[in-house]
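Some notes on the structure that comes next.
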Amino acid sequence: FYPFQDQAEFELGKFLCERFTQSDIDRFLKLEWVSKPSFGSKDQLLAWMASLPTGPKWCSTTLEITGYPTVQPIQLIWHNGLDVVADLFANPIFANHMTYNPHIVVDGDEREYSEYFTAQQAFEIQDQLPKGATIIPIIIASDKTPVTRHTGGLKMHPIFVSIANIQSDVRMRATSHAWRCVGFMPIPKFTDVHADYQTILSQRLFHKCMDIIFADAKVAAMAGKFMPDPSGHV
């Protein structure tokens, strides 16, 4: 939690930045009954917050399908999928819950298939990789709940990403934050188009958006990429 002393102090700083104005932060820090944190002013707190890692940046791209106008512009809000995957793979929180090599699990006389790395496909792919390399299987999920707040009335479906290197019991725990939102899929309404074509055009747009989000990930899948693991090893 550097430059903060501990998690409690970081959470205090986060709360102040999210809920208080800058003048209110200064007044709060001057109260006699408040246990003094290591940051003594709003300027120092804001500087510390600004120095924290920000993670993958959000991007916004306006799209169109030639010959098929929409009621509102098609706006894709997205992260670079490869950056999100690299951020998950390097997260030290998961250091003790990661798998890098395919393995066989046996229960009595039967082979057990559970995690991706117990599958035969994992062995087949790993055998094709150079020494020292590992697989990072990407898991993609979509939430069908439309997101309409703070989008100017646009309807969007969030797309989430995780990686199979993180053990499933940890990955599926909501408090682990092992799933990251990688994009908001637009749900446009095409004008003067038959209902059947609405579905076809929406599917075409979906794949176009996924191509944008995971363009760099596709290149990495073919050529490989150096990434630090949770322990800092590349």
Between E9 and S38, is any side-chain donor less than 3.5 angstrom from a side-chain acceptor? yes

Please tell me whether Q120 and Y113 have a donor and an acceptor in their side chains that are separated by less than 3.5 angstrom. no

Give me the one residue out of N101, I125, T99 that meets side chain to side chain contact (heavy atoms under 4.5 Å, CB included) with I135. I125

Quick check: do T191 and Y68 have side-chain heavy atoms less than 4.5 Å from each other? no

Any Lys/Arg nitrogen of D216 or K225 sitting under 4.0 Å from an Asp/Glu carboxylate oxygen of the other? no

What are the two closest non-hydrogen atoms of V161 and L88, and how far apart are they? O-CD1, 3.8 Å

Where the side chain of Q126 meets the backbone of A133, is there a donor-acceptor pair that is under 3.5 Å apart? yes

Is any side-chain heavy atom of F39 closer than 4.5 Å to one of L12? yes

Do M210 and M185 touch side chain to side chain, with heavy atoms closer than 4.5 Å? yes

Can a donor-acceptor pair be found, under 3.5 Å and without considering hydrogens, that links the side chain of T70 to the backbone of Q72? yes

Any donor-acceptor pair under 3.5 Å linking the side-chain atoms of E124 with those of Q128? no

Side chains of V182 and W78: closer than 4.5 Å at any heavy-atom pair? no

